[in-house]
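For this chain, numbers begin at 1 and follow the sequence in order. Predicted model only: the values in this text are computed from it and were never measured.
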Amino acid sequence: MMADFHFINAIWDFDGTLFNTYPGLLKALSKTLSEFSQPIPDDELYKEIKKTSIRHVLETVSAKNSLDLQAMEDRMHALEIQYQPESPEIYPHAREILQLISDRGANFLWTHRDRSALSFLTTEGMSELFTGIVTASDRFPRKPDPTAINALVEHYGLDPQVTVMIGDRAIDVEAGQKAGVHTIFFDVDGFGDTAGADAVVKDLADIQPYFLTQGNDDDENAY
């Protein structure tokens, strides 16, 4: 616990951090691999995409088997649309923490997902809790490259000392570290690959103390 740290701004990952979209993603990826190459057991596949990324898995399989990466990605995307529910499960306490932060500072989103992330947030009435959203459609380099975080910090004039990146994978933490902001690892699976994050939580409710003792809520320069 980093009890001496108190934050105003949060930059959130989406998949596996705010919404549990992994069942649909895993099903789509597993079927894609089966169609193009050979299946990988779901438990192994899940651990791998949490350790790295879906893109990394597709790149590795395509390179190893001389497959068309773009065709695999297109198939994966089509299958995810088919398998992903219109309203994926929201992780417990996500809505409450977003509201708490929004009342005191600002929430931002940085996801490798396309604009469907905004659609999910809008469906759940949560999009208004975000000051800024960066998706794959914005064409920033992928995590752990910090360019997108740097752009948010510069565009919104964020103070890195009171800004924290929150995510469920090591690449989220690494991106935050490279950008010079603080980091919280959401260890929802208990895999333990926390990548040296400033704090580790197993429930999003555990993030609350870091945002409860901010300065004057009337400060017009809150972020």
Side-chain angles (χ1 to χ4, degrees), residues 7-22 24-25 49-50 52-56 58-59 73-74 76-77 80-81 84 87-88 90-91 94-95 97-186 188 195 197-198 204 207 210-211 222-223:
F7 304 120
I8 294 175
N9 315 301
I11 302 173
W12 294 85
D13 174 53
F14 184 86
D15 296 288
T17 301
L18 292 172
F19 284 71
N20 184 17
T21 54
Y22 275 108
L25 288 168
I49 63 177
K50 293 285 281 193
T52 58
S53 68
I54 289 174
R55 170 70 70 85
H56 180 268
L58 291 174
E59 287 177 341
E73 290 179 336
D74 290 345
M76 164 76 195
H77 182 68
E80 202 231 333
I81 293 174
Q84 197 69 254
S87 298
I90 304 171
Y91 282 107
R95 191 188 304 270
I97 295 299
L98 288 169
Q99 185 66 65
L100 174 76
I101 296 170
S102 179
D103 289 343
R104 290 165 167 76
N107 290 296
F108 301 89
L109 185 75
W110 179 27
T111 175
H112 289 167
R113 178 176 288 278
D114 59 19
R115 299 296 287 181
S116 62
L118 179 57
S119 297
F120 289 140
L121 289 170
T122 301
T123 297
E124 294 297 334
M126 297 164 64
S127 59
E128 67 272 13
L129 298 177
F130 287 85
T131 298
I133 293 177
V134 175
T135 73
S137 303
D138 295 301
R139 304 297 183 185
F140 281 102
R142 295 170 64 86
K143 303 167 187 174
D145 189 291
T147 303
I149 296 179
N150 292 335
L152 287 170
V153 168
E154 181 177 358
H155 181 77
Y156 291 98
L158 307 180
D159 180 355
Q161 293 303 310
V162 292
T163 300
V164 60
M165 176 74 202
I166 304 170
D168 68 304
R169 292 180 297 170
I171 59 173
D172 299 307
V173 174
E174 186 178 347
Q177 292 169 336
K178 288 180 176 180
V181 301
H182 293 284
T183 55
I184 294 177
F185 182 80
F186 181 33
V188 63
D198 293 314
L204 293 180
I207 294 174
Y210 300 121
F211 288 88
Y223 62 85

Determine the minimum heavy-atom distance between [X] and [Y], stating which atoms define it.
X	Y	result
Ser87	Glu124	CB-OE2, 3.2 Å
Thr52	Arg169	O-NH1, 3.1 Å
Pro160	Gly180	CB-O, 3.4 Å
Leu18	Leu98	CD2-CD1, 4.1 Å
Thr183	Gln177	CG2-N, 3.9 Å
Lys143	Asp13	NZ-OD1, 2.9 Å

Could you go through Leu121 and Ile133, starting from their C-alpha distance and side-chain angles, then the distance that decides it, and tell me whether this counts as side-chain contact (heavy atoms from CB on, under 4.5 Å)?
CA-CA 11 Å; Leu121 289 170; Ile133 293 177; 4.2 Å; yes
Between [Y] and [X], is there a side-chain heavy-atom distance shorter than 4.5 Å?
X	Y	value
Val134	Phe140	yes
Tyr91	Thr17	no
Glu80	Leu25	yes
Met126	Gln99	no

So, Ser102 and Asn107: side-chain donor and acceptor under 3.5 Å apart, yes or no?
no
Could you tell me whether the side chains of Asp15 and Tyr22 share a donor-acceptor contact shorter than 3.5 Å?
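Absent: no donor and acceptor within the cut-off.
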Give, for atom [atom1] of [X] and atom [atom2] of [Y], the distance between the pair rounded to the nearest 0.5 Å.
X	Y	atom1	atom2	answer
Gln84	Ser116	CD	OG	8.0 Å
Arg95	Leu100	CZ	CG	14.5 Å
Asp172	Glu174	CG	CD	10.5 Å
Ile184	Ile11	CD1	CD1	12.0 Å
Thr111	Leu109	OG1	CG	5.5 Å
Ile166	Phe185	CD1	CZ	13.0 Å

Derivation and outcome, side-chain contact (heavy atoms from CB on, under 4.5 Å), residues Ile54 and His112
CA-CA 10 Å; Ile54 289 174; His112 289 167; over 6 Å; no
Check against salt bridge (Lys or Arg N to Asp or Glu O under 4.0 Å), Arg55 and Glu73
CA-CA 8 Å; Arg55 170 70 70 85; Glu73 290 179 336; 2.6 Å; yes
Single hit among Thr131, Thr163, Asp159 for side-chain hydrogen bond (donor to acceptor under 3.5 Å, both in side chains) with Asn9
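Single pass found, and it is Thr163.
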Could you check Tyr210 against Asp198 for side-chain contact (heavy atoms from CB on, under 4.5 Å), going step by step and ending with a plain yes or no?
CA-CA 12 Å; Tyr210 300 121; Asp198 293 314; over 6 Å; no
Could you walk me through whether Trp12 and Ile97 pass side-chain contact (heavy atoms from CB on, under 4.5 Å), step by step?
CA-CA 11 Å; Trp12 294 85; Ile97 295 299; 3.8 Å; yes
Measure up the Phe14 and Phe120 rings against each other and bin them: parallel (under 30°), tilted (30 to 60°), perpendicular (over 60°).
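Correct class here is parallel.
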Residues in salt bridge (Lys or Arg N to Asp or Glu O under 4.0 Å) with Arg142, at least two apart?
none
Within the supplied structure, the quantity of interest is the number of heavy atoms (other residues, nucleotides, ligands) at a distance under 6.0 Å from Glu128 CD; does it exceed 12?
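Counting neighbours around CD of Glu128, more than 12 heavy atoms of other residues, nucleotides or ligands fall under 6.0 Å, so yes.
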